Amino acid sequence: MTESCSNASLSSSSSLNSSVPDTEDDQIIATMLAEDENSHVDRRLGKRLSHLDSIPHTPRINGEIPDVNDATLDHGPLSERLATYGLAELQIEGDGNCQFRALADQLFRNPDYHKHIRRQIIKQLKHFRKLYEGYVPMKYKSYLKKMKKSGEWGDHVTLQAAADRYAAKICLVTSFRDTCYIEIIPRDKNPTREIWLSFWSEVHYNSLYGSGDVPSRVTRKKYWLF
C-alpha cells in the first residue's frame with residue numbers, strides 16, 4: 001500500500017512536569033516507577049515516518065462519536081497503514097479509559113496505571129489553565145470535573161497536556177484519510193521520549209510497537225496507584 005499522508009504537529013500548549021506540584025504520594029510513585037520508565041525511551045519507530053510533511057494542528061475536545069459499525073469498518077485501512085510502516089498494536093481495553101491506558105502502557109509498560117496517568121494530566125490542566133482553556137468550549141471547571149471521572153474519554157486537549165506533563169512527543173497513526181500521522185509536541189521543552197499510539201474513527205486508542213515487538217500480557221510488578 002502506498003501512503004500519501006500529512007504529518008500534523010500539535011504544539012500549541014505547554015509547560016512541563018517539573019513545574020506541577022506533586023503530593024508526597026505522587027513523588028513516591030514517580031520514584032518507584034523511574035527505573036522502568038527510563039528504560040523505555042525508544043526513538044527507532046520515528047524513523048519509519050520521518051519523511052511525512054508537517055501541517056498545523058489544534059487541540060480539540062471530542063465531537064460526535066461515530067456509529068460503532070462504521071468505526072469497526074474504519075479499522076481496516078488503519079491496519080493496512082500500520083503494516084506498511086512495520087507497526088503493530090497492543091490491544092487496549094475499550095472501557096472509556098483507552099487513551100490513558102495506552103499512555104500508561106507506553107510510559108510504564110502497564111495499562112493498569114491509567115488512573116495515575118489521568119490524575120497527572122488533570123493536574124497539568126488545572127495548574128496551567130491558561131494554556132488549555134481556550135480550546136475547551138464549555139466552562140473549564142465543568143470540563144475538568146468531567147475529565148476526572150474514570151471512563152471519561154480522553155481528547156486532543158488531554159493528549160497535549162500529557163505531552164507537556166511528560167515532556168513527550170506523542171505520535172498518532174490514525175485512520176484518517178488525509179492526516180494519517182499526527183505529532184503532538186511539548187511547546188516549551190524538547191521532547192525527551194516518544195509515545196506511539198494508534199487512533200481510529202475518533203473512537204479508540206491502542207499502544208504501538210514495531211512489528212514483532214508487541215509485548216505479551218505478562219503481569220508486571222504493580223505499585224499502589226489507585
Side-chain angles (χ1 to χ4, degrees), residues 1 3-14 16-17 37-60 74-75 77-92 98-111 113-114 117 120-121 124 153-215:
M1 183 180 73
E3 285 285 356
S4 177
C5 308
S6 298
N7 166 23
S9 178
L10 190 164
S11 59
S12 39
S13 322
S14 159
L16 234 73
N17 44 353
E37 180 181 353
N38 291 337
S39 67
H40 294 146
V41 178
D42 186 351
R43 299 176 183 273
R44 291 175 295 176
L45 295 184
K47 296 179 181 178
R48 306 184 189 196
L49 292 90
S50 61
H51 63 286
L52 298 179
D53 295 330
S54 177
I55 62 174
H57 191 88
T58 303
R60 66 186 188 279
D74 199 41
H75 191 261
L78 173 60
S79 296
E80 294 179 6
R81 184 170 289 165
L82 294 174
T84 296
Y85 294 115
L87 300 171
E89 293 173 299
L90 173 68
Q91 298 297 323
I92 297 296
C98 64
Q99 183 189 109
F100 303 97
R101 288 182 182 276
L103 289 169
D105 180 72
Q106 286 283 303
L107 288 166
F108 304 126
R109 293 301 184 259
N110 192 332
Y113 291 143
H114 65 94
I117 295 292
Q120 295 303 307
I121 289 174
Q124 180 73 19
W153 291 21
D155 54 31
H156 280 259
V157 178
T158 55
L159 280 179
Q160 181 65 59
D164 297 337
R165 175 68 170 149
Y166 290 102
K169 179 170 75 171
I170 300 178
C171 307
L172 298 182
V173 181
T174 82
S175 62
F176 304 141
R177 180 181 297 274
D178 298 325
T179 306
C180 71
Y181 176 52
I182 301 172
E183 290 183 350
I184 303 171
I185 300 172
R187 179 179 175 183
D188 291 347
K189 298 275 187 175
N190 291 325
T192 59
R193 70 193 79 187
E194 292 181 356
I195 292 173
W196 283 81
L197 308 176
S198 64
F199 180 50
W200 52 283
S201 290
E202 301 281 356
V203 168
H204 189 69
Y205 294 86
N206 282 321
S207 181
L208 287 182
Y209 293 83
S211 297
D213 294 331
V214 179

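All values reported here derive from a predicted model rather than from experimental measurement.
The backbone N or O of Phe199 lies less than 3.5 Å from no partner atom in the side chain of Thr174, so there is not a single donor-acceptor pair. Here the side chain of Ser207 pairs no donor or acceptor atom with the backbone of Leu90 at under 3.5 angstrom.
Atom CD of Gln124 is separated from atom CD of Gln160 by 9.0 Å, given to the nearest 0.5 angstrom. Gln91 CD to His204 NE2: the interatomic distance, rounded to the nearest 0.5 Å, is 6.0 Å. Taking CD1 from Ile121 and CG from Leu159, the interatomic distance works out to 7.5 Å, rounded to the nearest 0.5 Å.
Here Phe100 pairs with nothing under the ring pair (Phe, Tyr, Trp, His ring centres under 6.0 Å) rule; sequence neighbours left out. Residues that satisfy the side chain to side chain donor-acceptor pair (under 3.5 Å) test with Ser198, not counting sequence neighbours, are Glu89.
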Pair Ile117, Tyr166 - check side-chain contact (heavy atoms from CB on, under 4.5 Å), show working. CA-CA 10 Å; Ile117 295 292; Tyr166 290 102; 3.4 Å; yes
Let's go through His114 and Phe108 carefully: what are the C-alpha distance in whole Å and the side-chain angles of both, what is the deciding distance for side-chain contact (heavy atoms from CB on, under 4.5 Å) to 0.1 Å, and is it a yes or a no? CA-CA 10 Å; His114 65 94; Phe108 304 126; over 6 Å; no
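For the pair Leu78 and Val173, the tightest heavy-atom approach, listed with the atom from each and the gap, is CD1-O, 3.7 Å. Between Leu87 and Leu208 the shortest heavy-atom distance is CD1-CD1, 4.3 Å. Here the shortest heavy-atom pairing between Ala168 and Pro191 reads C-CB, 4.0 Å. Counting all heavy atoms, side chain and backbone alike, Phe176 lies closest to Arg81 at O-NH1, 2.9 Å. Residues Gly154 and Gln99 come closest through the heavy atom pair C-NE2, 3.1 Å. Considering all non-hydrogen atoms of both residues, Val157 and Asp155 come closest at N-OD1, 2.9 Å.
Each of Asn206, Leu103, Ile92 was checked for a side chain to side chain contact (heavy atoms under 4.5 Å, CB included) with Leu197, and the lone residue meeting it is Leu103.
Aromatic ring orientation, Tyr181 versus Trp196: parallel (interplanar angle below 30°, classes split at 30° and 60°).
Taking the side chain as every heavy atom from C-beta outward, Leu172 and His156 approach each other to under 4.5 Å. The closest side-chain heavy-atom distance from Arg193 to Leu107 is below 4.5 Å.
Side-chain polar atoms of Asp105 and Tyr205 form no donor-acceptor pair below 3.5 angstrom.
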